[in-house]
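The structure presented is a predicted model; accordingly, all values stated were derived computationally and were not measured. Order of the sequence lines fixes the chain letters, A, B, ..., with proteins taken first and strands second; residue numbering starts at 1 for each chain.
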Amino acid sequence: MTAVHSVDDIPSAETVETAVVGRTLRQIAFNRIKHDKVAIACVIALVIIILLALFAPLICNLFNVDPYTFDSAAISDSGGLPVGSLGGVSMKHPLGVEPLTGRDILARLLYGTRVSLMIAFLATTIVVTTGVLIGIFAGYSRGWIDSILSRVMDLTLAFPFLLVVIAMSPVLEQRLASLGIPAGNASRIVTLVLLLSLFGWPYLARLIRGQVLSMREREFVEAATSIGSGTSRMVFKELLPNLWAPILVYATIAMPGFIGAEAALAFLGISVQPPTATWGAMLEESVGYFTVDPFYMFVPLTMLLVSVLSFNLLGDALRDALDPKADRT
Amino acid sequence: MSDVILSVKNLSVEFATEDGVVHAVDNVSYEVKRGQTLAIVGESGSGKSVSSLAVMGLVRSNNATVTGEVHFGGQELVGLDPEEVRKLRGLKMAMIFQDPLSALHPFYTIGEQLIEAVQVHEKVSDGDARARVKTMLDRVGIASAEQRMDEYPHQLSGGMRQRVMIAMALINSPELLIADEPTTALDVTVQAQILELLRDLQKEFGTAIVLITHDLGVVADMADDVMVMYGGQAVEQAPVRELFYQPQMPYTWGLLASIPQMHTSSLKLDPIPGTPPSLINLPVGCVFAPRCTHKDLVAGGLCLTTRPDLGAVSDTHASRCHLNEAQRIEIRRSRNIGKVD
Amino acid sequence: MFPYIIRRVMLMIFMLFVLSVVTFLLFNAVPTDPAMLTCGKTCTPQIVEANRIRLGLDQPLPFQYFEWIKGIFVGRTYGSGTQTFDCSAPCLGYSFKNGEEVTIMIKQALPVTMWLALGAFILWMSFGIGSGIYAANRKGKWQDRTIMAITLIGYSLPVFLIGLMMLIFVIVRAHLLPYPDYVSPFENPLQFLQTMILPWISLAILYAAYYTRLTRSQMLETMSEDFIRTARAKGLPEKRVIRKHAFRAGLTPIVTSAGMDLAGLLGGAVITEYVFSLPGLGRLAIDAVKDYDLPTITATTLVAATFIIIANIVVDVLYAAIDPRVRLS
Amino acid sequence: GGGSGSATGGSKGGTLTFLTEAEQILHLDPQRNYTGEDLAFASGYLNRTLTQYTLSKDNNEASKLVADAATDTGTASADGKSWSFTIKDGIKWQDGKAVTCDDFKYGVSRTFATDIITDGPTYAISMLDIPKDAEGASVYPGPYKATADQQAAYDKAVTCEGNKITFNLANASTDFNYTVTLSSFAAVRKDADTGEKYDDTVLSNGPYKIESYVKKDSMVLVRNDQWDAATDSFRLALPDKIVYKFAQPASVITERLMADAGEDASALSPDPVDTTKLAVVFSDSKYEKRRFNEFDPYVRYYAINTKKVPNVKHRQAILACLDRDALRKIAGGEYAGDYADGVVKPNIGQDYAPTGLWDGLLGDKVEATGNVDLGKKLIADAGEAFPNPLVFDYGKSEVADKAAAAVVASEARCGITVKPNGLEIGGYYGVVMDPAKQGGMSASGWAPDWLNASTVLPELFTPSGGFNLSQYDDKAFNDASTAAKAITDRAEQAKAWQDLNKKAAELALVVPTRFGLEQRLTGSKVGNAYIWGPYGSWPYALLSAN
Amino acid sequence: MSAPILRVKDLQKHFPVTSGNLFKKQVGEVRAVDGLTFDVYPGETLGLVGESGCGKSTAGRSMLRLLEPTGGSVEFDGQDLLAMGKRQLVSMRREMQMIFQDPYSSLNPRHTIGSIIGAPFDVQGVKPEGGTMKAVQSLMERVGLNPEHYNRYPNEFSGGQRQRIGIARAIALKPKLIVCDEPVSALDVSIQAQVLNLLDDIQKEFGIAYIFVAHDLSVVRHISDRVAVMYLGKIMELTTRDQLYSAPLHPYTHALLSAVPIADPDRERARERIILNGDLPSPSNPPSGCVFSTRCWKATDRCSSEIPVLREISAGHQIACHFPEDRSSATASSTVSGTDFTAN
Ligand SMILES: Nc1ncnc2c1ncn2[C@@H]1O[C@H](COP(=O)(O)OP(=O)(O)OP(=O)(O)O)[C@@H](O)[C@H]1O
Ligand SMILES: Nc1ncnc2c1ncn2[C@@H]1O[C@H](COP(=O)(O)OP(=O)(O)OP(=O)(O)O)[C@@H](O)[C@H]1O
Ligand SMILES: [Mg+2]
Ligand SMILES: [Mg+2]
């Protein structure tokens, strides 16, 4: 006789438990990151840098330094180089002083960190949000909306970034002024962030659009339709959660990109206005002193290198950790 | 025995992963004779592909360890200079992979890929190689081969691609052909064409075939001998008729009972409950014990504590099970499995 | 193929049109009065007015735009009275600031930038691809780590810093090369090479990192493809598997990036040109922007954009050449 | 050593190389050239002027005139309203044609075409006897679009009789022969005039001619074989070839000159030594013979816009509060120069006398770091609130940005809110010369066009001056200045200028910051290098490459 | 018999083949589904078989208006589905559900099982008694999943378990019709059997009608009441299961049935086989006349010029062939194995 197996024979919970040791991608990724020494080091470095930036005023108080005070005593009267070795490192100025002005490098570095990170962070946030939203929208709508959005992306990408940024900063600043944001550093930062974002979003939007196009073909999207889901549920609940991996990876790579862009713009003299410090501005200035006061360059360069490396390596680690194919033949 | 072209002894493959060591293949031994077909069946993930890749020397990930012996045409392959193994691959032993679209390079024409397979082993002029490829494509039933040779894989249908894969494998008339689920991606009508082709070619060249599949119908059609794998182990090995008519192992029974029969009228299927084991934490006892509905028949919970050996049922038939012969016959009779006299 | 290219070129012309309008508007929104820039230190409002009329800046914007477009196709005449001069087609405008036809300036600057971009491109591509493949084959081993670390550091360093440091160490300090002094390669090949080698290297350092990483990840990706297993099963030697099968399959994104990057550089490698005093397009553009030299800005922007758009087309055609699955119709 | 050779030292031959950060010679067109270094360069090599300053390391000696294209240093009519010069025979253009009186006359006429001939000095317009219209512009619009009537007006003011050129002036001038040292009074041949484009292609009548000129890249000068040394007692023309390399990064120029390797031994720069390397260059004795540290002709100052800050106490407060010490340190400390006490610099000679600006002229002594108490007191005395914010225009550069920061910080001590307005150098004067756009304070610098304060005080502080950034218009001051110009006794005139200078200081029309010093470096093979007083430049006519 | 729950008439779905970048233009079309007509009654299972790519999934989707059909009509529960507005359609989806082909891609990997199975309640605004959570857990229990795994993610489950999640989602709102798109083809034989049994039980319990899409004839035979055989977007034969398997009339059905290997060596090797020549033609360029004519061993000139219509040949037996043939007797008489029937 044929034994009748009904649903009751379906494996009990216990067998499932032992049979499938499944973990979510998030858990797997977290686990992989936890075991990745490089990634951990990066996270620590970034946390330290961010803390330094957040608590800049506090730390400066602690050392009794500030980024704007000129200290004529700390520099020589002939040539304006810092007095003392290692760029004027002393009790009073733990990381030395800036040539010509005697402003404290530690303080400038910390406040510069704030500005640089803020620019990079804001730009990344805007780029990621707009890029993701537009990318999802284009990919999900397909048809003429997609065509138009894609052309806009092409067009934006076809603009020579640096030129437009340089030319547009004064214009934008003026517009902002008419909106009530007075010219000055606040508006400079806003301008920079807006311009960096303006040219940053199409890359991500394209990436996301591609992902969405292929994800649309996955059946869970259709399954969502089949139960009657609307567009907003589709975009925010079904698609978006599946895009975190590329978004996260992109964001960690974009951050250092923007930090570097700020430095390049500083070199061309269109970053934040002095006396406000940024990493880029400090580096740009210190390059000239490289032969006579190498320590001056060493300080911001180290910061830049550490943060760029950390973000990039972390991005790599994340990508590896989030890659379901990793470590398989 | 000169007849034996491939003899595998105690082959094990382990992968070190972040979750632990995966025992993908565990002490597997088998032999294949010239002109004969060995079918390997078993559930998904039971180590069928990995064991064959190990034979071909294609288990290449950094985290893999291959142990055991692989005698091929009188040569020991495990531990041999990889360069020597490479020279055998494609020439003396060849393999067909499961998904013919992803197994063919999308950027090269069929002709280029086949000609390369000829020229890597032999100094042949382009013209000669091309002629040989054309003959082979004709042989595997590709119409207007000359023209097809200049097409890319995506321009061919699934059946044609699989034929191209077969042509590629057979182009140097290998002594051994490993076919890893060669028809899973195809539908039945094309599958029938392909199997027919394999059979013809085997007759012609006397090639030994290792056929991996989970379709017992295909096994019934093609195989001389069968090896059933479960959880990385060979759980039953037998000539094809014995396996279908006198299966000795509960997993094999489960497999046979799960198939909806085209020509019988059983209305309710008899599935194996549960899911396959994790290859990292294999059960201490019989690997199949957690899903086995008959383990209670064995006294003292032996099934859960002691792993059964691959015991000989006859000269040619072996299985891993603690049940005694009487119990097996009784169960098969009650479940109507195989032919019970 | 042909109809495809024709369609793409039409699309390109359309995009260039949009671009030219947008640039024209953008830069006309700059708050500085270009007429004023023509009149120098001893400026009076009368002179400004006179110049405004002479340069046609008193005309309404659409008319100015029309004149400008006309100039490109049929040439135009500037000035009035006895002091007129012809600017023959393609007339990209007349730079008030430099007192020169923009077309001539671009003709002078373009070859410099082109050589710079091409040389750097060849360098970084060969290095990036080579080391990427090497690293991929040694994934996780120290060679892999070292290569990735070195390229990342190269990528993190601001390009002005790399350039200046090389200039100072290689030329000023070690006298390994003469000072950069651009000549055409047809005029003096040796001097050309001596001048270009450092700019090439510093640009290559910047870009190589990305290509190393891209190649590496592409290789890792393709090496796990089934057709690689097939190639091995055929008995192909490993070298051939990598070069002919794996690399070719992963080439598409590399080609895309390469096309875009090369095109971007052809629009001007601003900072490198600055550091090494190369009279290229980037400098021309940036200087024009700083001087609010509208005709030069508009023209350079368009030239740069044209490169990018052409690169897009070329990349797409190459795509089809590499990947037979891509159809261009 | 090379740098201190006598005026006739150095040997012929070789290539002299100039390295500069600039992207071009600002203007080669003689009528548009108005920057000291470029004037010296062009008149040293390409165009001859009627008169020249003496080539001498000694400033007093150098301020004396010598004849160049003219046979002597000019003859004034008795009323001082007409000056004539006779042009030497044998002076030729590079194409072999003789340089005539008409060429000089034509050259001067170009100055009037102010729409095309921009940036040049406008002395010809203000001094020549040509009627002005209601708005004060000359009725003569220059040679390009003059009607016959207009041209006739000019032809009356400048006349040629054979080789003798005569300038008829509107007002008496005792030193018009100094004025003509400016290349805006140099010759341009009518048939060679290409208008706006002449700036790139000048036809030379000097010892060299342009072989190639690519902006942002280089300019090469080679010998002009039509130049006859016999007609020229001013120029030595020693190098065979002169190469100008543009657009070099500042720090690299200094590094190269310091390294002094290969061809760079015959190189020098019109730019100052990069501030970052000053300390090294001036402390290491190996540079001793080829480094120079001299006063340049400039006074650096911040003009205070009297329209925006009308209250003199407020202006004085700005002066009192400023930390000039920080500014000087930023500019290089002791290498930046001395604290200025007015717009007239000591190296002008007799027209200078200390004004005592910082020693009580404002009511109390003002230290270099500022006198905050005094500043606060002055604001309180002003009787009204300070018109905050004070927009501070300056041309952007790294150093200027830092200086602006110092200005902001130090003025803040007195409650003055300075709003820095960094402008691209290219558009700087376009903004600040426009009263509608100028801020309350604008950074600038001024050098006398010749060694007479008449080229300083009236220019800077009267409406008729060309550079009145202070927007100052005071009847008494205007009259005093016009009167001073007309004084024929030089000593008496000097006294008048001294008084006016002190007056201007007291009125706080500008914040004088520094009497500029300039540091330069040459390669070791460069001969006859020194800093030539009149232009604060190299003595181009003398330089040698070996 | 009661009224059909689903009436499909001349259903068509053509996909445009486009080219161009900015301005797309259609250069051809893929006739994925080309005129299907059939009814489905409450509680019955209609099997839909055919080679891969013959348009089964497309047909299933078009019936539920997950794809907008190009032509034809679909009447669900007496209402014209194609005339419905978006709103109405959404609420209609309560009654008709789909189980998707691929258990791996049909579950959103970033959602927990609980939220996947609970989604229909959410979306349709249905508040089950005792709360969604409870309803979901009882559903999980019903399909044989441990309710405690409510918060797990799909990747923690095996293929069979995932397919059950999909089933649970489909039956959550107790619909009247479920289109099962190859629910077992991605599964192992043993797991496949589990799922088939489950579907069977659920049908018995709720009286749901199934449209069961598959290409595996043995599976279809196991579960269906009636079977439609498709080839290149068209129905070739539609009849009851027993009729189809015992007395097929269409040559294509013959070929299909004969190609299924039997898991029994003796019978398998003795079986008569029809090996078709060539591959499935491209649906964007289908053969003229009878679409099967290019591979049919009985094809004549008529076949390649005249399209055979689907007609009722006997009660409940529809066929689209010019030369129907009952080979059940022939099979019995013929003992030739491996006969190679070729077209030309
Ligand atoms: N590189 C690897 N690292 C870790 N585990 C691996 C690796 N390659 C294969 N495995 C594991 O080895 C086991 C056996 O895999 P194999 O591919 O041989 O299964 P199979 O029997 O061929 O299954 P299927 O029928 O699905 O093809 C699987 O559990 C698989 O996950
Ligand atoms: N979105 C689409 N655009 C264009 N063609 C499509 C689209 N979807 C399906 N097709 C085509 O329609 C035909 C039928 O596809 P469908 O998926 O319905 O086949 P199927 O019978 O379900 O096959 P399988 O058994 O492989 O699932 C195929 O040729 C397919 O290529
Ligand atoms: Mg396998
Ligand atoms: Mg389907």
Side-chain angles (χ1 to χ4, degrees), chain B residues 41-45 141 143 156-160 185-193 195-197 199 214-223 226 239-245 251 254-276 291 338-339, chain E residues 49-54 144 157-161 184 186-198 200-201 215-223 242 245-246 252 255-269 271 273-282 295 338 340:
Chain B
V41 295
E43 228 154 338
S44 187
L156 307 184
S157 71
M160 282 191 197
L186 307 174
D187 58 83
V188 275
T189 56
V190 182
Q191 166 172 299
Q193 294 171 350
L195 293 180
E196 192 63 22
L197 172 66
R199 216 185 335 254
H214 61 247
D215 187 334
L216 288 166
V218 172
V219 175
D221 189 11
M222 296 284 293
V226 187
V240 64
R241 294 189 72 256
E242 268 182 61
L243 188 96
F244 277 91
Y245 302 139
Y251 174 65
L255 271 187
L256 292 172
S258 303
I259 308 165
Q261 296 287 327
M262 273 277 288
H263 299 272
T264 60
S265 46
S266 89
L267 284 182
K268 209 64 185 173
L269 298 172
D270 191 1
I272 309 172
T275 46
R291 296 173 74 189
K339 288 187 177 161
Chain E
V49 297
E51 290 186 334
S52 163
C54 71
F157 294 84
S158 70
Q161 287 172 316
V184 292
L187 305 177
D188 245 288
V189 266
S190 67
I191 309 288
Q192 164 181 313
Q194 293 173 0
V195 173
L196 288 177
N197 285 348
L198 174 63
D200 220 20
D201 295 337
H215 63 249
D216 185 334
L217 284 124
S218 30
V219 169
V220 169
R221 174 185 174 126
H222 178 81
I223 199 155
D242 297 335
Y245 283 79
S246 57
Y252 177 59
L256 259 189
L257 289 173
S258 86
V260 180
I262 309 163
D264 180 325
D266 291 346
R267 278 180 33 221
E268 166 64 20
R269 287 170 202 214
R271 183 170 62 93
R273 258 162 276 185
I274 301 168
I275 308 275
L276 289 178
N277 234 15
D279 294 306
L280 200 64
S282 148
R295 296 171 78 193
D340 197 357

Participant: Determine, stepwise, if the pair B:Arg241 / E:Asp266 fulfils side chain to side chain contact (heavy atoms under 4.5 Å, CB included).
Facilitator: CA-CA 8 Å; B:Arg241 294 189 72 256; E:Asp266 291 346; 2.5 Å; yes

Participant: Of the backbone (N, CA, C, O) and the side chain (C-beta and beyond), which part of E:Asp216 lies under 4.5 Å from a heavy atom of chain B, both, or neither?
Facilitator: neither

Participant: Heavy-atom pairs under 4.5 Å with chain E - which of B:Gly254, B:Ala223, B:Ala220 has more of them than the others?
Facilitator: B:Ala220

Participant: E:Asp264: what forms a salt bridge (charged side-chain N to carboxylate O under 4.0 Å, His left out) with it, not counting sequence neighbours?
Facilitator: E:Arg267

Participant: Evaluate the side-chain proximity of B:Leu195 to E:Arg273: yes if any heavy-atom separation is below 4.5 Å, no if none is.
Facilitator: no

Participant: Is the backbone N or O of B:Ile272 less than 3.5 Å from a side-chain atom of E:Gln194, with the two atoms forming a donor-acceptor pair by type?
Facilitator: yes

Participant: If I compare all heavy atoms of B:Ala192 with all of E:Ala259, which pair ends up nearest, and what's the gap?
Facilitator: CB-CB, 4.1 Å

Participant: Looking at CD1 of E:Ile275 and OG1 of B:Thr189, how far apart are the two atoms once the value is rounded to the nearest 0.5 Å?
Facilitator: 9.5 Å

Participant: With a 4.5 angstrom heavy-atom cut-off, could you sort out which part of B:Met222 is near chain E: side chain, backbone, both or neither?
Facilitator: backbone

Participant: Does any heavy atom of chain E fall under 4.5 Å from the side chain of B:Val219, the backbone, both, or neither of them?
Facilitator: backbone

Participant: Can you tell which part of B:Gln191 gets under 4.5 Å to a heavy atom of chain E, answering side chain, backbone, both or neither?
Facilitator: side chain

Participant: For E:Glu268, which residues count as a salt bridge (charged side-chain N to carboxylate O under 4.0 Å, His left out) partner, sequence neighbours excluded?
Facilitator: E:Arg271

Participant: Give the minimum heavy-atom separation between E:Ala263 and B:Ile259, together with the two atoms involved.
Facilitator: CB-CD1, 3.7 Å

